[in-house]
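Position 1 is the first residue of the sequence; numbering continues from there. As a basis for the values below, the full set of heavy atoms in this structure was taken, side chains included, without hydrogen atoms, waters or symmetry mates.
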Amino acid sequence: MTDPVPEPGAAAQSAKRWRDLKKRALSAAVLGPGALLCIWLGALPWTGLMTLAIALLSWEWVRLCGLRSRAWPGIAVPVTVGAACGLAVFNLPVPGLAVLLVGFLGTWIAAPRLRRRGGGPPPPASWLALGVLYIGLAGIALIELRHDNEAGRNNVLFLIFVVWASDIGAYLVGRLVGGPKLAPSISPGKTRSGAVGGLLCSMLVGWLAADFLVPGNPPALKVLAVAALLGIATQLGDLLESGVKRHFGVKDSSMLIPGHGGVLDRLDGLLAAAPVAALLAFAVGYGVPLWR
């Protein structure tokens, strides 16, 4: 019996499914080691990397809102977020959070008086102001996590590994298995199988990472629970960013990273998971791994 002949277009659809894989892999191979090196070297290199990331994220957010980041009040987003994260660098996270709140309210009040680039109606006040909290909270969390000299490196590495595992697992399982859509009205490309695959991968990698970073039989249930919580937050952050792009009618937040779009496209899950990790670090105490 001869093998069945594939339906016309099947090969083309399969190629289309994986067409961005090469660009994603190359971008990850370039950006990933640099991020890991900054985490490993200490709080200062990591803070420098976060400064660059926060500046780019702020620029992308203001750009999504149709405004300019070098003109008022679009400039309020990078200035407010930068000031808040700067306070976190000097171990003043509470004043930093207060600056974020003031900036959020001030931007909300100012936004209705704006006009988009090239004319048109003003953007909803909530969208421009949301960027202050969205980027600022994550920035403060990532800086505070690494500034814990006793456990900061391990906690940030654990967070990064779990977020990456969630993204990679969801991408690969979703492409291979397919099936029902997770949230078709928000992100038509995401599947339920991908969500499950991402969650399982985040838990597996989280357990392996905990055992590697702090050898000595880590508490399995706690590790899996923390990894699952961060994995769920990662996927919610991905959906949130997809909803934002859908609202503004764009495919990518920018074209800075080949295969990934913009910095916001690459860090969407981390932006949501980082505040959760920071709250866990606060709960377990200074110098203690997240999973202890």
Point to revise | side-chain contact (heavy atoms from CB on, under 4.5 Å) assessment of V244 paired with Y134 | key: CA-CA 12 Å; V244 170; Y134 183 41; 5.7 Å; no
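- Around CZ of F212, the count of heavy atoms belonging to other residues, nucleotides or ligands within 6.0 Å does not exceed 12.
- The closest donor-acceptor contact from the side chain of W46 to the backbone of R153 lies at 3.5 Å or more, if one exists at all.
- Inter-residue side-chain proximity for L290 and N154 is flagged as unmet; no heavy-atom pair is nearer than 4.5 Å.
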*Carefully, step by step, assess N155 and W291 under the rule side-chain contact (heavy atoms from CB on, under 4.5 Å).*
CA-CA 9 Å; N155 284 342; W291 56 92; 4.1 Å; yes
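- The side-chain contact (heavy atoms from CB on, under 4.5 Å) test applied to R292 returns V214, P219, V288, P289, not counting sequence neighbours.
- The side-chain heavy atoms of T191 and L182, taken from C-beta on, include no pair separated by under 4.5 Å.
- When atom types are taken as modelled, the side chain of T234 and the backbone of L230 share a donor-acceptor pair closer than 3.5 angstrom.
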Could you go through the side-chain contact (heavy atoms from CB on, under 4.5 Å) check for E241 and L264 one step at a time? CA-CA 8 Å; E241 198 254 352; L264 186 58; 3.7 Å; yes
TODO: Start with the C-alpha gap between T47 and T51, add the side-chain angles, then the distance that decides, and say whether side-chain contact (heavy atoms from CB on, under 4.5 Å) holds.
DONE: CA-CA 6 Å; T47 299; T51 300; 4.3 Å; yes
Apply salt bridge (Lys or Arg N to Asp or Glu O under 4.0 Å) to residues R266 and D252 and explain how you reach the verdict.
CA-CA 10 Å; R266 178 70 291 211; D252 298 311; over 6 Å; no
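- Proximity of R63 to S254: side-chain heavy atoms (C-beta onward) are separated by under 4.5 Å at one or more points.
- With hydrogens and angles ignored, the 3.5 Å screen pairs a side-chain donor or acceptor of Y286 with a backbone N or O of N149.
- L271 is listed as a side-chain neighbour of L57, based on a closest heavy-atom distance under 4.5 Å.
- Put simply, the side chain of I168 does not reach to within 4.5 Å of the side chain of V205, judged on heavy atoms.
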